[in-house]
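Please read the structure below before turning to the comments.
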Amino acid sequence: MKLATLKLNGGSAVCLIDADKQRYWPLSDLVPGFESNMHQLVQNFDQIRAQIQPRGEGQALDASLLLAPIERPFRNVFCVGRNYHAHAKELSSSVFKDNDKNVQSWPIVFTKVPESVVGPNDAVELPQGVSEQIDYEAELAIVIGKGGKNISRADAMSHVFGYTIVNDVTARDVQMRHQQWDMGKSFDTFCPMGPWVVTADELDGSNTRVRCWVNGELRQDGATPDLIFDLPSLIETCSRGITLYPGDIIATGTPAGVGMGLNPPQYLKTGDVVRIEIDGIGVLENTFK
Ligand code: MG
């Protein structure tokens, strides 16, 4: 099933979505007593999932209602760098220039602050005077369902609630300047997320296509079978010594075709529209200003 957070009645509400028919049902209409956000839904999903079924015609889904499915994560969004072979190659002389053997055998993991998350209808703000090298990164993001620590590869997929799309917006000059990446990845509005969460029973995250267009021009076209570190490896790695909680997010890395990898590099400017589509999830589109 697809679950979105919609802007309704002056607030926000978790809703069941039928993307084909463009209809929605507020969960508060389907599950008696449900008045919570996506975090509470993820935590209580096993108890209430049987009740989450369309009832009646539902209401017309207008894309302008969509908010980030997890509007404000409890803590930083885990992100993985250098996780598609072709992307590792395209930035081998810049971002990944100094990577040693250690990086080849372990994933690069960094985080984005929760406050950087915005929704499908929000503009991404170009940070004037701070960076001139703003880039997009289309990514499949895992939403953790069952928490845990030191999760094994064998158990990892049972901890997945579902998937959404993240644009890991990056200031390349700032990313390169500070050795660690959090600064260049965490500017306000630099984590567009959406359009909804697709539950794990409905999508094989290990075999889906990730594409990204800038102003209608196809820039990225990858597929998750090309991941260097697969989804169980990422969950195993991120939970080593760190407890993962329901609602935590792991963005799994971006395919080749980022602006920095073009010759010459092409960075985003005001008015640009970045559209990301992941098969089985949908479309996340944001304007830069
Ligand atoms: Mg990334």
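Whatever order the structure lists them in is the order used to number ligands and atoms, beginning at 1. Given the structure is predicted, the values throughout are model-derived calculations rather than measurements. We're numbering straight along the sequence, starting at 1.
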**Report entry** Contacts of the Mg ion (ligand 1) with protein N/O/S atoms, counting only those under 2.8 Å
**Finding:** Glu137 OE1, Glu139 OE2, Asp168 OD2
Query - Where at least one partner belongs to residues 21-53, residue pairs that pass ring-ring contact (aromatic ring centres under 6.0 Å, His included), sequence neighbours excluded - result: His39-Phe74, Phe45-Phe161
Report task. Not counting sequence neighbours, which residues clear ring-ring contact (aromatic ring centres under 6.0 Å, His included) with Tyr84? List them please. Result -> none
Requested in this report: Please collect all salt bridge (Lys or Arg N to Asp or Glu O under 4.0 Å) contacts where either partner lies in residues 131-145, sequence neighbours excluded, each pair once.
Outcome: Asp135-Arg172, Glu137-Arg172, Glu137-Lys185
Report task. Taking only Lys NZ, Arg NE, NH1 and NH2, and the carboxylate oxygens of Asp or Glu, determine whether Lys146 and Asp46 approach each other closer than 4.0 Å. Result -> no
Query raised in the report: Salt-bridged, Lys289 to Asp272, with N to O below 4.0 Å?
Result: no
Query raised in the report: Would you find a donor on one side and an acceptor on the other, under 3.5 Å apart, between the side chain of Arg55 and the backbone of Asp29?
Result: yes
